[in-house]
Structure formats: C-alpha cells, structure tokens
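The structure appears below as structure tokens.
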2 protein chains.
Amino acid sequence: MKSLTRSLRILEAVAQHQPVTVGELTKIFGLPKSTVQRTLVTLNEAGWLRANRRDTTRWEVGARVLAVRPAALQGSSLFAAAREPMFRLRDTLNETIHLTVPDALHGVVVVDRVDCDHTVRTFHAIGDISPLHATATGHAVLAHLPKSEVDELTAGALEGFGQETITDPAELRAELRRVRDRGYAVNHNQYRPGVCAIAAPVLDEDGTPLASVAVSMPDSRFDPGRLAELGRLVTDTAADITARHLG
Amino acid sequence: MKSLTRSLRILEAVAQHQPVTVGELTKIFGLPKSTVQRTLVTLNEAGWLRANRRDTTRWEVGARVLAVRPAALQGSSLFAAAREPMFRLRDTLNETIHLTVPDALHGVVVVDRVDCDHTVRTFHAIGDISPLHATATGHAVLAHLPKSEVDELTAGALEGFGQETITDPAELRAELRRVRDRGYAVNHNQYRPGVCAIAAPVLDEDGTPLASVAVSMPDSRFDPGRLAELGRLVTDTAADITARHLG
DNA sequence: CATCACGTGCCACATTGTGGAACGCCATGC
DNA sequence: GCATGGCGTTCCACAATGTGGCACGTGATG
C-alpha cells in the first residue's frame, strides 16, 4: 500500500510545517509536483486538510482530524477526567504537568499539558513521542505491564541519551520493581539533559496502565530532599484521575 | 484517488467504533475482507492504528494521531490559552463550557470541554461536528466572516433541525448582524432540542474568527432574564482567551 | 516586456492496489 | 472426537488505479 503510506506521510508533513505550499512539500519529499498536488486535493476533499484562509496556496490541517481520537481518550474520557487534577497539581507545585499515553511504537505520547509560570520551564509539545525506557512516564507505564510485554518492548537495544539512561535490561527491570514498590517513577537526566520528572500511572480496573501523569521541571529547581513529597503528590493526582475516570 | 479516500473512511470508522474487528468493518462498508484487512495493516504500519491489547483482532486508533494537530491548535496555542478562562467561566456558572473551531466542511468542531457538575447536563464529545447555521458557536464564527464567505458557506439549503432552526438565508444574515452588535450568539433549541447555548468568538489580530467559546445548558436551567449577564460573561471569557493567545 | 517560479490540469502508461479463493485457527455442537 | 461454521489472514493474476512528465495560466521580478 505504497500510495496510502506516502499520503499519510504528506499529511504528517503538512501538520508539522503548516501552513505549507505544494512546492515546499515537493522539496521535502522529492516527489513530482503533480503527485503531491493530487494528494493534497484528495486529502482536502476528505476533510483532513484545508487551504489557509489568507494564502489559499498554503495548506493546513483541518479541525476534523480531532474526530479521530485514540481509544484511551474516547467517550467520557481519561482526558477530561485528568484535567482538574492536573490543574490542581500545577497550582500546588507551579511546575509543568504532562499527561501521556503509551503508544504501540515503543513510546509514550504527550496527550495533554498544564504549564507552570516560571520563565525557565520544560517543554514537550502535545503529540510528542518519548521512549519508554528513558522517561519517568515510560517507567510508570512499563512497571505495570506483564513481564512478557516489557520484555517485548525492551527487546531491541535500549538507546542511550546520556550518562543516566538505563541501557541494561536487567537494570531496567530492577528500576521498574522499585517504581512498582514506591508507586512513582523518577527521571533525572535520563532522556533530556537538565530535565527531571516524577510520574505515576493511571491504571484500568484490571491494572493495565492507561496513561501516566508527570510533573517535570528543570534540574535547577529539583530538590532531592522533596522527592518523597513530590512523589506522594503525583501519586495522589494519578489516583484522583483514576477515580474520576472509572467512577 | 479512490483508494486513499476509502482508506481514510476506514480510519474514521475505526475511530468511531473502536475497538473494531475486520469483519465489522466489512459489514459497515460492504467491502471485501481482504481489502479492509490490507488497509488496516498499512495504517498500522504507518502508526495510525494498533491492535487492541486484550483482543488483538480488534483495532483501535493509536495515540500517534495526536501528532497531527489542526493549525489553530498548534504551538503556544489557542487551546492552551483557552483553558484557564474556560475553567473560570465554568466555576462562575457551573455549566458546561465548550471551545470550538470552525472547519472547512461547513461546521464547527468541539475542541475542548469543561464539564459542570449538574446531573443533567449537555454533552458534546470532543471531535463532534455541528452545523454553522444552527448553533451559537457557529453563529459567533459566521458573524465575523466576510460576506462572501458567509454566502459560500450557507449556499446550500440550510438544514432544519426543528422549529427554531433558521433556514432562511436572509433571516440568518439578520441574526448574524444582531450577533455582531451584541457580541455574543444565542442558540435556543435551534440544533438539539432542549439545549440552550451562548457563544462568543475568539478573533485573530485582523478580525478573522479562530474559535468560539460557549456555555451550554439544558433548557430547564436557562433563565432568559439572565441572558445579558451570561452574554457578558461569555464575551469576557472570549476576550480573555484572545488576550492570552495574542499576548 | 521577458523571465522565472509556482500552482494547476491533462493523459498514456505500467505500477499499484484489488478481491476472489483458499488456508488455518478456534469455538460450537452433534 | 470429529464435522461445521465463522473469522482473521495470506496469496496472486488481473486490470483498475494512481503516476509523473509535460504543458498551461498566472503573478511576481528585473
């Protein structure tokens, strides 16, 4: 299904670069103009794209894509349930709060975010994907998956992103055990240098991890002495979200 | 581009019915199993779909689709700017607040929602699409579009959804003028019976409508005597969002 | 006024996707 | 324990489908 794959790539590129012209896209992909053009027109007819209001030769993603939502966010969703608890946690700590959902492609996707008002703050855009093995949110999810799945997800080489990344499977398993015992995961420079995050999972009735909430802050504001307190707050927030979601 | 169109339809159907099986989709579309199957596998490889964790013959939308976000919600977005004002309005009124964005296909899409805590409340899922001509959110947007565009968008027959729907173009234009003068739009049973909504637009620097905020409530809780007050609150909220978004 | 860059439309061709048929698996029931 | 039926998956010959080179229209530039 070559053309479908290509069309989806084009759609993603439009999302990234919007508003974007046919010419720019041909440069990105090295495809003939007519091919790109035809794809854009079709995507437009299907309602996924639309021409920019001011410059009608520029294309952007239409709001209709919002109708296509991930399963975890469907209905009386997790997403809605998470908002108030996230706001509350942000107000308590004045640090950025993220909600992430595990994705098939060995990563967690940022689904929602509540910002703090510090000038120096961490930034992850909604839709960003981070590796499972090198983030607090990833660990929080992994810790509650059956061993078989963890093994599968961490089968390949664990990519290192710096000194602190856990690249040894055995070490990762030990860390996950610690996360399970403690109730929350901690990431100190494992993925992005200078970023510290504390995350707790939101679990389904039967214990499958649906999502995780995390507070993340620059290294400079992280006080290891307050870890237990932060951990408790994040865990409580996750519990609150779970209660609202299931209740 | 027949096959692309069809594949996108399948993707949308998966989103609507998730988690869904190949067989169910063949019934919905009347397509051969193999065609549906191949499409699902390709969408899966592209990261848009994934097999359900529990029942691997059921397909659902993967979180990765979130990377494809509409232009209006990009970056330091409207979406983020709208959250706190929406919460505040909800806390003031204890009624459900919606944020909607106009879409190319003659509708407004619900982008965000903050719920009230009444047992009886209005419900519109995130991603839902409603007609421009029969909703307060739609009117709020239409009222600030150039005449040519309004004409274009309302060119076809205006579908009626009940007694109150404005189906006459001239009458709609008059109503839009009123909306512009007053600053907010009111919908009383025009679209969904028993639902009343008051909406105000969020405008760009140059006056193009980007979105609209609305408070919506069941008929039973709507007091016409408080309309002016509600209108002012909604308008203020929209102004607040605009200020945060542009600032 | 010539040139260029860019978006758009056309159409013969072969690459691409199609869908009927067959396979394998599991649950059901005789 | 074996036949049955339903369902997801795989295969492959065929032709319908999408491809992309080419040419046109237009608006900007020098």
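Sequence lines set the chain letters: A, B, ... in the order given, protein chains first and strands last, and positions in each chain run from 1. Side-chain atoms are counted along with the backbone in the values below, which use heavy atoms only and exclude waters and symmetry mates. These numbers were taken from a predicted model, which means no experiment stands behind them.
Between A:Leu40 atom CG and D:dG20 atom C1' there is a gap of 15 Å when expressed in whole angstrom units. B:Lys2 has its NZ atom 10 Å from the C1' atom of C:dT18, to the nearest Å. Put simply, CD on A:Glu45 is 14 Å from C1' on C:dT8, counting in whole angstrom units. Distance, A:Met1 CE to D:dT10 C1': 15 Å, rounded to whole Å. Here C:dG19 presents its P atom at 15 Å from CG of B:Leu25, a figure rounded to the nearest Å. One can place CG of B:Asp55 at 13 Å from P of C:dC26, the figure rounded to the nearest angstrom.
Residues from residues 29-37 of chain B with heavy atoms under 4.0 angstrom of DNA chain C, sorted by number: B:Pro32, B:Ser34, B:Thr35.
To the nearest 0.5 angstrom, A:His17 atom NE2 is 7.5 Å from A:Leu25 atom CG. One distance of note links CG of A:Leu158 with OG1 of A:Thr165; it measures 9.5 Å at 0.5 Å rounding.
Side-chain to base pairing of B:Arg38 with C:dG17: no donor and acceptor N or O lie closer than 3.5 Å to each other.
Between the side chains of B:Thr137 and B:Ser212, no donor-acceptor pair of N or O atoms lies under 3.5 Å.
Between A:Thr5 and A:Trp59, the residue whose closest nucleotide on DNA chain C is further toward the 5' end is A:Trp59. Each of A:Glu24 and B:Arg6 was assigned the nucleotide of DNA chain C with the nearest heavy atom; the assignment lying further toward the 5' end belongs to A:Glu24.
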Is there a salt bridge (charged side-chain N to carboxylate O under 4.0 Å, His left out) between A:Arg177 and A:Asp181? Walk through the geometry before answering. CA-CA 6 Å; A:Arg177 207 167 309 123; A:Asp181 293 344; over 6 Å; no
Salt bridge (charged side-chain N to carboxylate O under 4.0 Å, His left out) assessment of A:Arg113 paired with A:Asp128: CA-CA 11 Å; A:Arg113 189 184 76 220; A:Asp128 272 5; over 6 Å; no
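Here B:Arg58 lies out of heavy-atom contact (under 4.0 Å) with every strand.
Listed for the A:His98 side chain is no donor-acceptor partner under 3.5 Å among the backbone atoms of A:Val213.
Distances shown here put a side-chain N or O of B:Ser3 below 4.0 Å from the OP1 or OP2 atom of D:dG18.
Salt-bridge annotation for A:Glu24 and A:Lys27: absent, with no side-chain N of the basic residue lying under 4.0 Å from a carboxylate O of the acidic one.
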